[in-house]
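First, the structure itself, so that you have it in front of you.
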Amino acid sequence: MIQPGLCAFPLTPMRDESVDDAALATLVSRLVAGGVDSVGVLGSTGVCAYLSRDERRAAIDAAVSAAGEMPVIAGVGALRTRDVLTYVEDAQAAGASALLVAPVSYHRLRQEEVFGLYADVASSSSVPVVVYENPSTTAFTFTDELYARIAQLPSIAGVKIPPPAPGTAADRVAHLRELLPADATIGVSGDWAAAEALTSGCHAWYSVLAGLFPRTARALADAAAAGDADAAHQHSSTLDPIWSLFKEHGSLRVMAAAAEALGLVDAPCLPRPLLALDEHYRPAVEDALRRTGLI
């Protein structure tokens, strides 16, 4: 069973091109204090594809230690299945409560190849596995048939779907419920779509915003859980300046710039060649943080 509710995805901050364990632990401690339901490390925001095996293990160790009793979901995506299975073993040994698996590729993957990836992971995992669809990053889109096949594998416990188009979340969630086992968790990413998705029946919100601002994300999630769609959408509307930056620049670079501006991480905090938004865009980030009440 995958923990429902609010799952916060913090950055994996770098310092001198190595994982800054202390800064990551501080970020995770903020999430625990902010009342999230689980922590997701080494997802897209956690720049897992840029990290070595030792760096991934260091990040999971730091997150699990700082999270205490809170569940930690660890990303294990990689180009080769051999490496994915190594990361599966490492994450489980480090105490991860669940695994997040994206079909990472250089040559675009076929549906059957992706099914084979999840079959191999499912046979190697002793903890629940979340299927992660992120076509804007991986260039791979799951068919509904593939979702249904993968969901029948052992250990597969949930899906992390990309943001549905506005006005379509209820139909998308209802359709997925027909395809997936009754106990499968349906979670949404794309923070700007969370209010509609959560009030349309999604069990979980996999949130980048919550990785830095857990209390703000908690308020939106709580409104949705209480069935107050108007309040949930109002919380989301208040954050429109942030959502606009996410859509224009990508959530990773915006949150990296925000974390640097707040002094929570050293700059530069991303592994090169990635860079947080530079001084040309930094004022827009700081202005958005002020306009939304995040600082």
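Counting begins at 1 with the first residue of the sequence.
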Checklist entry - Side-chain contact, heavy-atom cut-off 4.5 Å: Y206 with V130? => result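 Touching, per the 4.5 Å side-chain cut-off.
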Checklist entry - Do H175 and D144 come close enough that some side-chain heavy atom pair is under 4.5 Å? => result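 A side-chain contact exists here, since the closest heavy-atom pair is under 4.5 Å.
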Item to check | Cation-pi geometry met for R56 and Y87 (6.0 Å, 45°) | outcome: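 Relative to the ring axis of Y87, which defines the angle, R56 lies inside both limits.
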Checklist entry - What are the two closest heavy atoms between S124 and V88, and how far apart are they? => result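 Scanning both residues completely, I find the closest heavy atoms to be O-CG1, 4.0 Å.
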Next on the checklist: Between R108 and E113 (salt bridge meaning N to carboxylate O under 4.0 Å), is one present in this structure?
Outcome noted: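 Here R108 does not pair with E113 in a salt bridge, since their nearest N and O are not under 4.0 Å apart.
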Next on the checklist: Would you say that P128 contacts L99 through its side chain, given a criterion of any heavy-atom pair below 4.5 Å between the two side chains?
Outcome noted: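 They are not in side-chain contact.
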Next on the checklist: For D16, I'd like to know if atom CG has over 12 heavy atoms of other residues, nucleotides or ligands within 6.0 Å.
Outcome noted: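 Not buried by this count: 12 neighbours or fewer within 6.0 Å.
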Checklist entry - For the side chain of W243 and the backbone of A193, is there at least one donor-acceptor N/O pair under 3.5 Å apart? => result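 Such a contact is absent between W243 side chain and A193 backbone.
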Checklist entry - Same hydrophobic cluster for L146 and V121, using side-chain heavy-atom links shorter than 4.5 Å among ILVMFWY? => result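 In one cluster with L146: V121, yes.
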Item to check | Atom of M255, atom of V208 and distance for their closest heavy-atom approach | outcome: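 Heavy atoms of M255 and V208 come nearest at CG-CG1, 3.5 Å.
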Checklist entry - Would a distance-only check, ignoring hydrogens and angles, find a side-chain to backbone donor-acceptor pair under 3.5 Å from R172 to P164? => result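 No; judged by distance alone, with no hydrogens or angles, the pair does not exist.
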Checklist entry - Side chains of L31 and F213: does their closest heavy-atom pair fall under 4.5 Å? => result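 A side-chain contact is absent here, since even the closest heavy-atom pair is not under 4.5 Å.
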Next on the checklist: Quick check against the 3.5 Å criterion: does R291 have a side-chain atom that pairs as donor or acceptor with the backbone of P241?
Outcome noted: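 Looks like no, no N/O pair under 3.5 Å.
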Next on the checklist: If you apply the rule side-chain hydrogen bond (donor to acceptor under 3.5 Å, both in side chains), what do you find for Q92 with S125, and how did you get there?
Outcome noted: CA-CA 8 Å; Q92 292 176 150; S125 176; 3.3 Å; yes
Item to check | Closest non-hydrogen atom pair, R282 against L277 | outcome: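 Taking R282 first and L277 second, the nearest heavy atoms are NH2-O, 2.9 Å.
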Next on the checklist: For a side chain to side chain contact (heavy atoms under 4.5 Å, CB included) check, start with the C-alpha distance between V129 and V76, then their side-chain angles and the critical distance, and finish with the verdict.
Outcome noted: CA-CA 10 Å; V129 174; V76 294; over 6 Å; no
Next on the checklist: Would you say that more than 12 heavy atoms from the other residues, nucleotides or ligands in this model lie under 6.0 Å from the CD of E145, or not?
Outcome noted: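 It does not: E145 CD has 12 such atoms or fewer within range.
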Checklist entry - Within 45° of the axis and under 6.0 Å from the centre of the six-membered ring of F9, does NZ or CZ of K160 qualify? => result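 The answer is yes; both the distance and angle limits are met.
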Checklist entry - Looking only at heavy atoms, which two atoms of A122 and L153 are closest? And how far apart? => result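 Heavy-atom minimum between the residues: CB-CB, 4.0 Å.
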Checklist entry - Between V265 and D20, is any pair of side-chain heavy atoms under 4.5 Å apart? => result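 A side-chain contact under 4.5 Å is absent here.
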Item to check | Where A284 and L245 come nearest, the two heavy atoms and their spacing | outcome: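 Of all heavy-atom pairs spanning A284 and L245, the closest is O-CD1, 3.8 Å.
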Item to check | Residue pair P162 / V188: nearest heavy atoms and the distance that separates them | outcome: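 Looking at all heavy atoms of both residues, the shortest contact is O-CG2, 4.4 Å.
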Checklist entry - CZ of R57: more than 12 outside heavy atoms within 6.0 angstrom? => result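 It does: R57 CZ has more than 12 such atoms within range.
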